[in-house]
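Chain identifiers are assigned alphabetically (A, B, ...) following the order of the sequence lines, protein sequences preceding nucleic acid strands; residue numbering begins at 1 within each chain.
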Amino acid sequence: MAEDLAEIYRTTFAALVRFLYRKVWDAERAQDLAQEAFARALVHKPENARGWLFVVAANMARDEARRAARERRHLTLLKGEPDTVGGEPEEEIDAATRQAQVRSALERLTPRDREVLLLWDAGMSYDEIAAQSGLARGAVGTTLARARRRLVEAYEEGSEGEHVARG
Amino acid sequence: MSHVDDGTLHAYLDGQLSPVEREQLERHLAACPACRARLDEERALIERADALLALAAPPERAIPPFHELRHARPWMRLRLPLAWAATVLLAVGFGWYLRTWRAERRADAVNGVVALRDSPQSQNAVAEPAREERSTIALRGRAADRAQQQPTVPPPSTIVDSLAKASTEGAGAAPAPIEVAPSVVNAQPRAELRAAPPPPAAPAASESPKDAGAVAPAARGGGGGRVPVVLTTSWPIIGLDAARPTLGVAPVTIPGLPVRNVRRSPLGDGVVLVEQALDSTRVIQLFQRRADQPALAGGVVRTGVGGREGRADSTFRRMYAGDREAKVMERLARYVGTLRVEIAGPLSTDSLSKLLELVR
């Protein structure tokens with residue numbers, strides 16, 4: 001079991017951090033939570049450790065995210081605020097700003113769409129996502145299709161909004 | 001087959017269709033330009049969504065070793081809050097603490113009394129002998145100075161013999177005359193800890209040769225007089241992160257043992273103490289400092305043995321008070337990376353040595 005978990009750790013840890021990061025938006029915290037999830041797995045020795053880890057991580061992140069939600073929204077607004085007078089070229093929007101836009105776009109998805117999208121991005125299969133989210137396997141693709149479309153739309157709306165604001 | 005829904009297209013593009021489903025779909029696509037066009041659209045959508053998610057990825061970080069999980073856990077959870085707490089505490093309290101401590105020390109020097117003398121811990125207080133000329137410790141490395149003095153009390157136990165041997169080892173002198181205050185006898189195993197050769201760089205040793213035991217604290221305190229007992233229990237507790245600036249790197253630990261406390265020496269000598277629980281009663285202490293800094297080990301040695309665990313201390317004493325192998329109490333030291341690490345704890349030299357090997 002411990003060896004299995006060590007292997008899962010090797011293959012999944014980074015994905016779990018990424019998954020958590022999209023929830024807590026703090027790299028260090030995401031890593032801490034991921035380690036915490038694995039540490040719990042060492043104790044609980046779950047049957048399906050991979051899925052279990054993501055469930056536990058999601059639960060841990062939920063509290064974090066709720067707590068941080070207000071500050072984050074505020075921060076996002078501040079970051080999204082154009083701080084220039086002149087027409088700054090689009091290419092110069094820095095990575096932090098774009099990340100903030102992706103973040104707010106993700107937040108505009110429904111919780112289920114977002115969860116499925118993040119699970120997929122963390123490397124889970126449709127089967128694993130179905131088991132995790134309670135969706136029928138056949139519904140995973142549909143959910144993912146919708147989540148992706150909404151993410152892109154929300155991001156582009158956000159960007160357009162900014163362009164308008166920039167005048 | 002009717003036109004394909006988005007979900008199936010995404011499942012296809014994600015490689016998540018069963019072989020049968022995939023074959024059906026491909027057959028349909030071959031015959032249906034509209035669905036092929038949609039497939040391209042969906043593929044572009046997926047690429048776009050993936051690109052956006054990639055924008056929101058955390059910075060690359062090294063994956064911590066798996067084996068660190070077991071003991072890192074409580075710390076990981078508390079790391080951030082503790083770092084804050086430690087920062088605030090250090091900023092607000094440390095200066096005040098040091099001032100108070102120094103004031104006490106000056107008072108002690110005047111009175112010739114160690115504050116902790118009457119406390120139940122005084123038996124553990126290895127520095128205590130330093131306040132008395134009779135101190136076994138005061139003889140350490142200074143045997144020659146005192147060779148003329150006659151002991152008023154003969155060594156009461158074999159410990160004293162071995163202690164005497166150890167204490168004169170460095171000087172190469174004849175067995176030192178040893179005078180042991182009865183109240184100190186029990187503390188001898190701990191006192192033995194201090195029988196390491198005096199740090200050559202310790203300024204106090206030259207300032208006040210009579211107080212051979214008074215090394216770092218005397219130098220620090222400016223009083224130059226008697227040495228107070230600074231039990232490690234009174235060392236300010238800091239976070240692992242807060243220890244980093246002091247050491248230049250993260251403090252080392254023995255993997256697998258829960259970290260009880262991380263403390264910083266109040267002497268400002270750059271020593272960080274990591275206490276790890278061996279079990280419910282025994283604590284292993286890891287004294288660490290940057291290897292490239294001048295050794296103030298005298299202060300560390302003395303202060304290092306005021307165990308915080310009453311039970312641990314009594315175990316300690318029980319195990320070693322009558323043990324002629326008083327040398328087992330010697331602290332072992334090792335260089336780990338850029339750090340010099342010394343280990344202390346209620347274990348045999350062999351065990352401590354093995355534990356020390358595990359430190360990283």
Quick one: what part of [X] sits under 4.5 Å from any heavy atom of chain B, side chain, backbone, both or neither?
X	value
A/R146	neither
A/V102	side chain
A/L118	side chain
A/F13	side chain
A/R22	side chain
A/Y126	both
A/L20	neither

Is the count of non-hydrogen atoms from other residues, nucleotides or ligands lying under 6.0 Å from B/E21 atom CD greater than 12?
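Atom CD in B/E21 is packed in, count exceeds 12.
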
With rounding to the nearest 0.5 Å, note down the distance linking [atom1] in [X] to [atom2] in [Y].
X	Y	atom1	atom2	answer
A/T143	B/D6	OG1	CG	11.5 Å
B/Q16	A/D127	CD	CG	7.0 Å
A/T97	B/L55	OG1	CG	11.0 Å

With a 4.5 angstrom heavy-atom cut-off, could you sort out which part of B/D5 is near chain A: side chain, backbone, both or neither?
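For B/D5, the contact with chain A is made by the side chain alone.
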
For B/A54, is it the side chain, the backbone, both or neither that has a heavy atom under 4.5 Å from a heavy atom of chain A?
backbone

Between A/Q99 (side chain only) and B/A56 (backbone N and O only), is there a donor and an acceptor less than 3.5 Å apart?
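Absent.
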
Strictly below 4.0 Å, N to O, side chains only: are B/D14 and A/R148 in salt-bridge contact?
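Looking at A/R148 together with B/D14, the answer is yes, because their closest N to O distance falls below 4.0 Å.
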
pair [X]-[Y]: side-chain heavy atoms closer than 4.5 Å:
X	Y	result
A/Q31	B/P58	no
B/F66	A/I8	no
A/L117	B/L53	yes
A/E156	B/R48	yes

For chain A, find its close neighbours in residues 31-47 of chain B: heavy-atom separation under 4.5 Å, sorted by number, or none.
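The residues closer than 4.5 Å to chain A, in numerical order, are B/E42, B/L45, B/I46.
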
So which heavy atom on A/L151 is nearest to which on B/A49, and how close?
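Minimum heavy-atom separation between A/L151 and B/A49: CD2-O, 3.9 Å.
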
